[in-house]
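Comments concern the structure below.
Each chain gets a letter, A, B and so on, in the order the sequences are listed, and its residues count up from 1. Values reported hereafter were calculated over all heavy atoms of this structure, with side chains retained and with hydrogens, waters and symmetry mates removed.
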There are 2 protein chains.
Amino acid sequence: MTGPQDTDKDYVQSLARGLEVIRTFSRYKPRMTLSEVAQQTGLTRAAARRFLLTLVRENYAETDGKHFSLRPKVLDLGFSYLSALPMWEVAQPIMRDVVNSLQESCSLAVLDGLDIVYVARVPTERVMTIGLAIGSRLPAFCTSMGRTLLAGLPPRELAVYYDRVKLERRTPQTVANMVALKDAVEASRRQGYTLIDQELEMGLRSIAVPVRNRRSEVIAALNVGTQAGRTSADTMKTRFLPVLIDAGERIAASLPH
Amino acid sequence: MTGPQDTDKDYVQSLARGLEVIRTFSRYKPRMTLSEVAQQTGLTRAAARRFLLTLVRENYAETDGKHFSLRPKVLDLGFSYLSALPMWEVAQPIMRDVVNSLQESCSLAVLDGLDIVYVARVPTERVMTIGLAIGSRLPAFCTSMGRTLLAGLPPRELAVYYDRVKLERRTPQTVANMVALKDAVEASRRQGYTLIDQELEMGLRSIAVPVRNRRSEVIAALNVGTQAGRTSADTMKTRFLPVLIDAGERIAASLPH
DNA sequence: CACAAATAGTTCGTTATGCGAACAAAATAC
DNA sequence: GTATTTTGTTCGCATAACGAACTATTTGTG
């Protein structure tokens with residue numbers, strides 16, 4: 001496992017390695033033996049063992065003597081980020097109003113690399129086959145919130161994104177060529193909202209608007225998702241969009257100075 | 001800042017310190033300078049700087065050249081824990097059913113030390129003055145889910161809890177003496193649910209049931225919260241409790257083997 | 001049950017990781 | 001402009017963390 005190429009005196013390799021150990025646990029590997037962790041992370045068994053025992057000692061993990069698993073204290077790490085978000089506390093009541101008004105799921109996400117990351121979510125029903133919660137990631141290029149966030153990037157950062165993204169079709173509708181994606185992002189920027197129709201998953205339609213800070217920078221996206229069979233694109237534009245725009249503005253207005 | 005008392009060859013001090021740096025960010029300190037982080041964590045400035053630069057290098061944090069703040073990648077750490085939870089994916093649709101049925105907020109929590117930690121939440125409206133999300137912590141002794149989880153502890157672990165907990169009154173109704181708490185927990189165990197009436201916060205009433213694994217161990221608690229003025233304790237027992245019990249059983253039944 | 005294979009626990013010599021005091025540089029406050 | 005505070009950087013040093021190699025334990029197989 002590599003860190004920076006050259007010896008970097010300001011880099012704490014043990015911290016980076018330890019965080020990788022935490023990240024190696026997942027839905028598919030909720031609990032692992034010492035050797036499995038070593039294998040997954042590329043660490044030696046002795047090193048993996050020290051990291052795991054340190055996590056156990058600090059109550060981030062536990063062991064039954066053979067298998068290791070993470071403990072809820074790990075959520076504190078993510079919570080440090082969430083509770084530091086300026087919009088964190090004000091967004092949820094506003095999102096609940098959206099859900100009460102439209103009877104559809106509402107989510108808030110930020111851009112992180114090539115992905116969007118959910119930071120708040122008020123679900124009403126399962127509109128997608130995968131479960132989503134705070135911390136979930138989805139590709140930005142084929143989600144309504146993702147396109148909205150891309151549209152709000154400064155040109156240079158957007159160019160970097162286009163250079164790095166790999167457009168992989170998720171449904172027959174997925175916009176998977178660069179020219180079409182750029183047009184779509186530009187359209188999002190112009191019209192101030194994004195409507196995605198079954199690009200991420202068949203049957204899923206969602207609409208998103210930007211949430212801006214006081215300097216008019218796009219800092220998050222807010223969306224409502226529905227089943228395509230239940231709500232037409234026109235209805236989303238005429239009924240859902242005004243509610244979302246209002247909610248985005250209320251969140252923005254509630255941000256600290 | 002101290003680690004283990006004796007030199008412990010299996011303890012990675014840099015990992016423990018780095019995790020403390022992450023945890024030091026909060027709602028009150030969303031962004032900090034190098035010196036502030038050093039002061040908050042007890043590290044030297046040079047050490048704090050190396051940890052922060054490592055977090056920046058690994059995209060867990062960012063800096064504007066002076067202040068540091070966390071990035072969404074930190075949520076991946078908590079997400080490792082959440083996605084590894086056996087009940088994670090099945091619980092939310094069931095909780096949404098509860099919310100649709102009762103029109104009240106529904107949450108799922110686990111016990112961690114003296115606290116409960118929220119691992120899933122479907123809010124309907126603001127029943128509490130503080131915002132709650134995945135990762136939020138509340139004291140176990142004066143919450144419905146907390147009492148439920150305490151009731152499900154093996155006797156030895158419960159004894160340890162009683163030894164360590166400090167009962168601090170949150171409202172005039174808070175059960176804050178040990179005898180009364182033990183009686184309340186025992187009552188929760190006997191009746192298989194817990195109803196809390198304005199012990200955590202005035203105006204807040206909530207009812208919780210245990211979620212058990214296939215070995216009948218209590219692994220989480222599920223609750224519904226309401227405003228005391230809107231729903232009587234009797235209504236919670238007659239209308240809410242059957243729905244919650246059913247939901248708890250459905251979550252339990254959906255757990256993997 | 002015996003044996004082989006796999007995995008975990010431990011040791012310890014080694015080294016490079018991470019340390020922090022001290023200084024320089026930059027930013028901030030007055 | 002000066003004083004103060006904060007940040008950036010260096011570098012000698014101590015030891016934290018390393019991993020190879022071994023022992024011990026567990027698991028799987030015939």
Open item on the list: Output the rounded distance in Å from CZ (A/Arg57) to P (D/dA16).
Closed with: 14 Å
TODO: Would you kindly give the CD-to-C1' distance between B/Gln13 and C/dC19, to the nearest whole Å?
DONE: 10 Å
- [ ] Give a yes/no on whether any side-chain N or O of A/Thr33 is located under 4.0 angstrom from OP1 or OP2 of C/dA8.
- [x] yes
Open item on the list: So, using side chain to side chain contact (heavy atoms under 4.5 Å, CB included) as the criterion, who are the partners of A/Ala221 when residues are at least two apart?
Closed with: A/Met145, A/Thr148, A/Leu149
Open item on the list: Applying side chain to side chain contact (heavy atoms under 4.5 Å, CB included), can you list everything that pairs with A/Asp163, at least two apart in sequence or on another chain?
Closed with: none
Open item on the list: Under the rule for side chain to side chain contact (heavy atoms under 4.5 Å, CB included), what residues qualify as partners of B/Ala48, not counting sequence neighbours?
Closed with: B/Leu34, B/Val37, B/Ala38, B/Leu43
TODO: List the steps and the verdict of salt bridge (Lys or Arg N to Asp or Glu O under 4.0 Å) for B/Arg27 and A/Glu89.
DONE: CA-CA 9 Å; B/Arg27 175 189 184 203; A/Glu89 202 156 345; 3.2 Å; yes
- [ ] Would you kindly give the CG-to-P distance between B/Leu34 and C/dA27, to the nearest whole Å?
- [x] 15 Å
Open item on the list: Is it the case that atom CD in B/Glu186 sees more than 12 heavy atoms from other parts of the structure closer than 6.0 Å?
Closed with: yes
Task: B/Phe79: ring-ring contact (aromatic ring centres under 6.0 Å, His included) partners, not counting sequence neighbours - done: B/Trp88
Task: A/Arg49 CZ - D/dC18 P separation (whole Å) - done: 13 Å
Open item on the list: Using a heavy-atom cut-off of 4.0 Å across all strands, would you classify B/Gly65 as base, sugar-phosphate, or nothing?
Closed with: sugar-phosphate
Heteroatom pairs (N/O) under 3.5 angstrom, protein to nucleotides 19-29 of chain D:
unit_1: D/dG19; atom_1: OP2; unit_2: A/Thr44; atom_2: OG1; d: 2.8

Open item on the list: Run the side chain to side chain contact (heavy atoms under 4.5 Å, CB included) test against A/Ala220 and tell me which residues pass, sequence neighbours left out.
Closed with: A/Met87, A/Leu108, A/Val110, A/Val211
TODO: Starting at atom CG of B/Leu52, determine the distance to atom P of C/dC19, rounded to an integer number of angstrom.
DONE: 12 Å
Open item on the list: Between A/Ser14 and A/Phe68, which residue's closest nucleotide on DNA chain C lies nearer the 5′ terminus?
Closed with: A/Phe68
TODO: Round to a whole Å and report the spacing from NE2 of B/His67 to P of D/dT6.
DONE: 11 Å
TODO: Calculate the interatomic distance between B/Glu36 atom CD and C/dA27 atom P; express it in whole Å.
DONE: 18 Å
Task: side chain to side chain donor-acceptor pair (under 3.5 Å) involving B/Glu217 - partner list, sequence neighbours excluded - done: B/Asn213, B/Arg215
Task: Angle by which the axis turns from one end of the helix from C/dC1-D/dG30 to C/dC30-D/dG1 to the other, five pairs per end, to 10 degrees - done: 60°
Task: For atom CG of B/Asp10 and atom P of C/dC12, their distance in whole Å - done: 14 Å
Task: Within residues 73-85 of chain A or reaching into it, pairs that qualify as salt bridge (Lys or Arg N to Asp or Glu O under 4.0 Å) - sequence neighbours excluded - done: A/Asp76-B/Arg23, A/Asp76-B/Arg137
